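The first residue in the sequence is number 1, and the count goes up from there. Remember, it's 1-based here, ligands and their atoms both numbered in the order they're listed. The structure displayed is predicted, hence computed values, not measured ones.
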Amino acid sequence: MSQQPGLHLGINCPGLGAYRHAWRRDGIDPLGTANPEFYVRVARTAERGLFDAVFTADVPALQPQWAEQPQRNTLDPLLALTVAARETERVGLVATVSTSWLQPFELARSIATLDRISRGRAGWNIVTSYDPLVGLHHGGGPLPDKQDRYRRADEFTGVVESLWRTWAPDAIVADKVGGRYTRPGGVRTFEHRGEFFAITGGGVVPPSEQALPVVFQAGGSADGLNLAARYADATFVSAATVDAARDYRRRLDAASREHRAPGRDPVLALPGLTVTLGSTDEEAERRHDELSDSDNDATVLAMIAQRLGVDPRDIDPDAPLPVDRARFELQRSQTSEGFLRSLVSMAESGRTARDLVRSGGVGHLGVVGGPKKVADLIEQWYSTGLVDGFNLMFDVIDEAFDPFVDEVVPILQERGLFRRRYEGATLRAHLGLPVPTW
Ligand SMILES: Cc1cc2nc3c(=O)[nH]c(=O)nc-3n(C[C@H](O)[C@H](O)[C@H](O)COP(=O)(O)O)c2cc1C
């Protein structure tokens with residue numbers, strides 16, 4: 001077993017950074033996320049920092065702000081990560097792909113292809129989509145109900161797993177003399193008849209060095225947690241307070257008791273963490289002020305309001321967020337319950353709306369500080385045992401990621417929290433996950 005420290009770090013890159021006007025900064029290529037160099041740069045820096053993975057959130061729809069800012073999700077994440085795979089050797093590459101639109105065969109093949117090309121570093125983050133615009137772009141109508149989306153997700157993921165498991169890791173014998181490519185029983189076809197899919201056949205891509213791609217899941221409703229318990233190795237979590245993280249862990253453990261295969265490792269939980277970094281706390285505050293123009297704050301507030309189901313004008317910046325139980329019940333089928341729960345826990349902790357906006361908070365934890373303060377927060381949270389690491393977000397990735405690797409990672413290493421080198425070459429190895437048996 002690996003003796004590596006257990007803290008896991010990913011970088012999430014939806015767009016150029018969390019700051020809405022990142023593209024307008026000096027030295028930033030406004031077309032960055034539409035160019036392969038951006039993904040290569042991020043992956044190389046992640047690898048230099050010994051990160052577990054580069055992670056691409058994805059909301060594939062033309063967003064109506066095209067006149068004011070670049071689209072956050074431009075390139076197909078799988079293709080962009082494939083380019084990054086060819087320019088790196090160790091770092092994991094996790095693509096978010098919704099289960100609501102594709103056929104399982106297409107998804108299983110694409111992720112398995114990335115897994116082969118990267119030599120065992122691919123991951124798939126399961127989502128069911130939450131933005132109605134995505135429904136309009138893919139199905140032509142509004143999003144299906146969340147319950148239906150999760151029923152499809154469950155069946156979809158089960159089929160994907162069967163497709164991936166078609167080839168046993170030792171299936172290929174390639175006996176040129178005897179003319180046998182696979183050993184008897186090494187390739188197992190299957191037949192599936194379900195509510196959404198009917199499939200006869202098997203996967204075409206043989207297993208990679210990590211046998212099966214790593215499965216992430218994002219979505220904090222009961223159905224989301226049940227899906228994670230059944231299939232996921234790790235989850236991307238929205239938890240802006242320790243209470244929210246505790247509540248999430250309790251619910252995930254309960255779902256795992258009911259739905260996880262006996263003996264399988266517990267699901268790892270990685271909350272999002274938005275970092276505003278300076279060389280000192282004061283410099284970080286100055287940077288934060290510089291990036292907190294009223295326009296950006298209004299956008300963050302509008303997103304919070306939308307998730308809570310209230311009018312932005314009803315939010316008093318100097319009071320806690322307006323939440324009540326009835327509205328929570330109403331909203332949870334409309335929006336991502338994972339984000340909603342986190343926002344509610346922030347409101348209940350008494351923090352003002354202004355303070356939430358200040359922390360970048362659309363539901364994720366945020367920190368503004370110098371290297372030590374950022375490392376302290378990571379350590380403090382990690383030592384609760386409620387989380388296994390973080391999926392980091394930066395205000396402007398091209399300005400802040402290198403300094404994080406240079407200044408925060410060494411502190412985490414000195415404290416014995418984070419690896420000093422990669423022990424393995426696969427994403428599964430970085431996450432300390434066993435190679436699954438057949
Ligand atoms: C932390 C987190 C990240 C998410 N990232 C994405 C994403 O990148 N793309 C997407 O379509 N949905 C994303 N989702 C939401 C999923 O689509 C989810 O399946 C659906 O909205 C239902 O969410 P719920 O289970 O939290 O209610 C995310 C949800 C959470 C909590």
Side-chain angles (χ1 to χ4, degrees), residues 10-15 18 54-61 63 71-73 76-78 81 94-102 107 123-139 142-154 156-157 215-229 231-232 234-240 244-245 247-248 251-252 255 267-274 303 306-309 328-345 360-366 387 389-393:
I11 171 165
N12 185 19
C13 43
V54 176
F55 198 96
T56 53
D58 195 38
V59 181
Q63 298 292 331
Q71 297 289 302
R72 286 165 78 79
N73 301 103
D76 179 323
L78 266 159
L81 290 178
V94 183
T96 296
V97 188
S98 176
T99 52
S100 296
W101 320 109
L102 298 178
L107 180 282
W124 169 37
N125 179 36
I126 311 173
V127 296
T128 67
S129 303
Y130 63 90
D131 185 338
L133 275 179
V134 174
L136 293 173
H137 281 70
H138 290 79
L143 283 181
D145 283 350
K146 204 194 287 192
Q147 273 186 346
D148 294 342
R149 299 203 307 273
Y150 270 120
R151 277 212 324 286
R152 181 181 159 109
D154 198 82
F156 187 109
T157 311
V215 175
F216 279 74
Q217 181 272 351
S221 58
D223 286 343
L225 298 187
N226 291 343
L227 183 69
Y231 297 110
T235 54
F236 180 22
V237 184
S238 171
D247 181 53
Y248 179 85
R251 296 170 62 240
L252 183 61
V267 187
L268 301 171
L270 308 184
L273 169 61
T274 304
M303 273 174 83
Q306 189 216 359
R307 285 185 173 159
L308 289 174
F328 174 79
E329 291 303 329
L330 193 71
Q331 266 305 95
R332 72 192 184 139
S333 63
Q334 305 296 322
T335 183
S336 163
E337 189 177 326
F339 282 111
L340 184 62
R341 280 181 180 271
S342 181
L343 282 173
V344 168
S345 95
V362 285
H364 288 303
L365 178 64
V387 306
F390 291 96
N391 216 356
L392 301 179
M393 284 159 288

Trainee: Is there a side-chain contact between Phe390 and Leu365 in this structure, where contact means two heavy atoms from C-beta onward sitting under 4.5 Å apart?
Mentor: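 The answer is yes; the side chains approach within 4.5 Å.
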Trainee: How would you list, by chain and number, every residue that makes a salt bridge (charged side-chain N to carboxylate O under 4.0 Å, His left out) with Arg341, sequence neighbours excluded?
Mentor: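 Only Asp247, Glu337 meet the salt bridge (charged side-chain N to carboxylate O under 4.0 Å, His left out) criterion with Arg341.
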Trainee: For Asp58 and Thr96, does a side-chain donor sit closer than 3.5 Å to a side-chain acceptor?
Mentor: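 Side chains of Asp58 and Thr96: no pair found under 3.5 Å.
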Trainee: Would you check if there is a donor-acceptor pair between the side chains of Ser129 and Trp101 at a distance under 3.5 Å?
Mentor: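 There is such a pair (donor and acceptor under 3.5 Å, judged by atom type) between the side chains of Trp101 and Ser129.
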Trainee: Applying salt bridge (charged side-chain N to carboxylate O under 4.0 Å, His left out), name anything that partners Asp148, two or more places apart in sequence or on another chain.
Mentor: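 Salt bridge (charged side-chain N to carboxylate O under 4.0 Å, His left out) list for Asp148, sorted by chain: Arg151.
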Trainee: Check side chain to side chain donor-acceptor pair (under 3.5 Å) between Ser238 and all other residues, then give those that pass, not counting sequence neighbours.
Mentor: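 So Ser238 forms no side chain to side chain donor-acceptor pair (under 3.5 Å) with any residue.
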Trainee: Under a 4.0 Å heavy-atom cut-off, which residues neighbour ligand 1?
Mentor: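 Lining ligand 1: Ala57, Asp58, Val59, Thr96, Val127, Thr128, Ser129, Tyr130, Lys146, Arg149, Tyr150, Ala218, Gly219, Gly220, Ser221, Phe236, Val237, Ser238, Thr335, Ser336, Glu337, Gly338, Phe339, His364.
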